[in-house]
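One structure below.
Here is the naming used below: chain letters follow the sequence lines, and residue numbers restart at 1 for every chain. Just so we're clear, the structure is a prediction, and the values are computed from it rather than from any experiment.
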Number of protein chains: 2
Amino acid sequence: MPKGTPLTEEEQEKRRHEIFHKVVNVFLKKGFQETSMREIAEAAGLGKSTLYDYFKTKDEILIYFFEDQLNDLTAEAQRIALQNMDADQRLRQIMEMHLEFLVENKNLFLKLSIEAQRLKLESQKRIQNGRYAYQDLLRGLIEEGIREGAFRKVDPLLAARLLVHIMAPVVFASRPTGTPQEMLKETLDIFLKGLQV
Amino acid sequence: MPKGTPLTEEEQEKRRHEIFHKVVNVFLKKGFQETSMREIAEAAGLGKSTLYDYFKTKDEILIYFFEDQLNDLTAEAQRIALQNMDADQRLRQIMEMHLEFLVENKNLFLKLSIEAQRLKLESQKRIQNGRYAYQDLLRGLIEEGIREGAFRKVDPLLAARLLVHIMAPVVFASRPTGTPQEMLKETLDIFLKGLQV
DNA sequence: ACTGAAAACGACCAGCGTTCGCTTTTATTG
DNA sequence: CAATAAAAGCGAACGCTGGTCGTTTTCAGT
């Protein structure tokens with residue numbers, strides 16, 4: 001990495017990605033909050049203040065993670081939403097994908113999404129914009145289902161939000177009553193039955 | 001408050017309650033995380049280290065709040081659960097009470113429950129025990145409903161957990177689509193319909 | 001080879017939660 | 001009523017934190 005040359009925004013982004021990847025294991029072991037900027041810098045093989053050239057604050061590191069992940073999640077959901085199936089089937093498929101997504105990096109997402117709730121309101125809003133994109137996609141599907149007559153005339157945004165929120169007890173249950181997949185199925189059975197006409 | 005006399009555990013508890021009450025407004029204005037122990041001590045009219053005689057750590061102050069509130073909530077729910085009504089009616093009534101409870105001190109509960117998620121895992125577990133008592137009470141009602149044939153044979157613990165979790169989007173929605181009461185009604189309509197045979 | 005500018009850095013800062021050793025207060029005792 | 005023991009109360013001090021600043025290192029373009 002040459003020094004005297006300015007990095008393009010793209011290169012900086014790539015660098016952020018690299019840095020985050022080098023540090024992920026520390027977050028997994030110690031948690032984000034409990035990891036100091038000194039430790040993060042060391043794990044990334046950087047001087048402490050160099051870290052600040054890539055992330056303006058410590059919180060920015062967490063925000064970076066979520067913006068990155070939510071982009072991926074929404075893109076994948078969009079792909080499913082465009083398929084040629086009943087709305088409720090697509091909803092199911094999206095939530096299964098969502099679950100897979102969460103389970104894959106379960107510890108990471110569990111740890112970091114808990115810690116994300118402690119960010120300053122302004123930081124939360126940035127993450128929230130990403131969430132909204134996802135929520136609105138689900139809402140679109142629910143509206144479609146209502147239009148098609150498959151669902152009752154429920155408040156589509158509220159229903160979309162419920163859908164997102166019921167993922168938590170499925171993935172993060174501290175007293176699980178089955179595999180996440182089983183719990184998701186049961187949950188969707190309840191939820192989608194509740195939506196039906 | 002005499003000095004040379006040891007306080008009984010009961011007196012200490014009362015003192016903790018007093019202290020918390022004196023400080024509540026600071027938490028409401030600044031948030032818990034952003035309020036330093038120095039400020040807390042000042043608001044309580046105590047020396048900084050005297051505070052530590054009543055709360056072993058800063059987090060303990062937050063834990064105290066939740067244990068206190070969850071006790072009240074569960075006691076109230078228990079009262080409703082014992083009434084002579086259909087299980088789903090009692091569930092509805094409990095959730096309405098729960099909502100009222102949250103709305104009443106909305107700002108406090110909103111602020112503090114967000115900040116509570118940042119506590120150390122061990123501290124969270126103590127709060128969780130309180131949550132379990134409440135969850136199990138709801139589970140009991142759902143089991144009753146199943147036995148009576150009003151509900152399908154769903155996983156009662158999972159359903160109870162869902163019920164608790166759907167409160168969040170109702171009370172804490174950043175894009176609300178109605179009054180909390182309206183949103184709760186719609187939410188319960190979906191949820192309870194999903195439970196029906 | 002020189003130079004300007006960006007990258008990298010470690011010493012430093014204010015403020016944090018928490019601890020410690022000391023002072024103040026008072027119910028009990030002789 | 002004086003002496004005492006023990007708890008309540010306290011502020012200074014500690015080790016740490018996230019974040020800043022002035023300097024040094026590095027290199028592309030001349």
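Protein atom CD of A/E11 is 13 Å distant from nucleotide atom C1' of D/dA28, rounded to whole Å. Nucleotide D/dG9 holds its P atom 16 Å from the NZ atom of B/K48, rounded to whole Å. Between the C1' atom of C/dT19 and the NZ atom of B/K56 lies a distance of 15 Å, rounded to the nearest Å. Atoms OH (B/Y52) and C1' (C/dC20) sit 13 Å apart, rounded to a whole Å. Regarding B/F55, its CZ atom lies at a distance of 19 Å from the C1' atom of C/dT19, rounded to whole Å. If you take CG of A/L51 and P of C/dC9, they are 10 Å apart, rounded to a whole angstrom. Put simply, CD on A/E42 is 17 Å from P on C/dA8, counting in whole angstrom units. Straight-line distance from the CG atom of A/L46 to the P atom of C/dG10: 11 Å, rounded to whole Å.
Tested against B/Y54 for a side-chain hydrogen bond (donor to acceptor under 3.5 Å, both in side chains), the candidates B/E13, B/R15, B/E60 yield a single pass: B/R15.
Follow the hydrophobic side-chain contacts under 4.5 Å out from B/L28 and you reach B/V103 in the same cluster. Placement of A/V170 and B/L157 in two distinct hydrophobic clusters is found when ILVMFWY residues are connected by side-chain heavy-atom separations under 4.5 Å, directly or transitively.
The phosphate of D/dA8 has neither OP1 nor OP2 within less than 4.0 Å of any side-chain N or O from B/T50. Neither OP1 nor OP2 of C/dA6 sits under 4.0 Å from any side-chain N or O of A/R15.
Between B/K48 and B/E42 there is no salt bridge, since no side-chain N of the basic residue sits under 4.0 Å from a carboxylate O of the acidic one. Using a 4.0 Å cut-off between charged side-chain N and carboxylate O, A/E96 and A/K185 make no salt bridge.
In this structure, B/K125 forms no cation-pi arrangement with B/Y132, as its terminal cationic atom is not both closer than 6.0 Å to the ring centre and no more than 45° off the ring axis.
In the model, B/T57 has no side-chain atom that pairs as donor or acceptor with a side-chain atom of B/Y52 under 3.5 Å.
DNA chain D lies under 4.0 Å from at least one heavy atom of each of the following residues of residues 21-40 of chain B: B/R38.
Nearer the 5' end of DNA chain D, as judged by each residue's closest nucleotide, is the contact made by B/S49, out of A/D59 and B/S49.
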